[in-house]
Amino acid sequence: MEDKLTWPDDPPTSTRRMRLLAEAAVEFFDVQFDDLKSRKRTNELVWPRSICMWIARDAGYSSPSIAKWWGKDHSTILYAVKLVDDLRKKASYDKQFRQFVLFTKNYIRRIEKK
């Protein structure tokens with residue numbers, strides 16, 4: 001019997017790291033996971049959500065795969081990356097961004113050791 005399964009151009013990727021990023025943001029920014037993944041657009045949610053999207057994009061995830069995981073349109077990912085790049089021009093945002101990146105690395109390392 002012939003295999004009729006068709007394969008996409010790119011292999012499927014794991015979304016585990018994106019979930020860990022979101023979990024780290026929940027802990028670092030003291031927000032609820034469901035709120036972070038929601039459609040709510042308050043500054044308290046948009047900033048951490050955008051950082052997570054920026055980091056995922058920087059880690060090599062495609063905009064469509066990030067968008068799918070977050071339940072957003074891929075253009076939202078492009079906007080998030082631009083937002084983070086723009087806000088990081090302010091010292092306080094850049095400092096918090098760098099603190100979160102360090103926190104996230106340690107958070108993921110701690111989770112993966114379990």
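Worth saying up front: this structure is predicted, and the values here are computed from it rather than measured.
- Between the side chain of Ser62 and the backbone N or O of Ser65, at least one donor-acceptor pair lies under 3.5 Å.
- Checked options Leu87, Ile51, Leu102; the residue passing with Phe97 is Ile51 (criterion: side chain to side chain contact (heavy atoms under 4.5 Å, CB included)).
- Listed by chain and residue number, Ser50, Met53 satisfy the side-chain contact (heavy atoms from CB on, under 4.5 Å) test with Ala80 (two or more places apart in sequence, or in another chain).
- Ring orientation note: the planes of Phe29 and Phe100 are tilted relative to one another, at an angle of 30° to 60°.
- Pairs engaging residues 79-89 under the salt bridge (Lys or Arg N to Asp or Glu O under 4.0 Å) rule: Lys82-Asp86, Asp86-Lys89, Arg88-Asp94 [sequence neighbours left out].
- Leu45 and Phe33 fall within the same hydrophobic cluster, defined by Ile, Leu, Val, Met, Phe, Trp and Tyr side-chain heavy atoms under 4.5 Å apart, directly or through other members.
- A side chain to side chain contact (heavy atoms under 4.5 Å, CB included) with Tyr79 holds for exactly one of Leu83, Val81, Ile77, Thr76; it is Leu83.
- Taking the centre of each ring, Tyr93 and Trp47 come in below the 6.0 Å mark.
- A continuous path of hydrophobic side-chain contacts links Ile55 to Ile111 [ILVMFWY only; heavy atoms under 4.5 Å].
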- Message: The test is side-chain contact (heavy atoms from CB on, under 4.5 Å); show your working for Ile108 and Glu112 and say whether it passes.
- Response: CA-CA 6 Å; Ile108 290 173; Glu112 290 181 340; 3.6 Å; yes
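- Residues forming a ring pair (Phe, Tyr, Trp, His ring centres under 6.0 Å) with Phe103 (at least two apart in sequence, or on another chain): Phe28.
- Side-chain atoms of Arg109 do not come within 3.5 Å of backbone N or O of Lys113 as any donor-acceptor pair.
- Here the side chain of Lys37 pairs no donor or acceptor atom with the backbone of Arg49 at under 3.5 angstrom.
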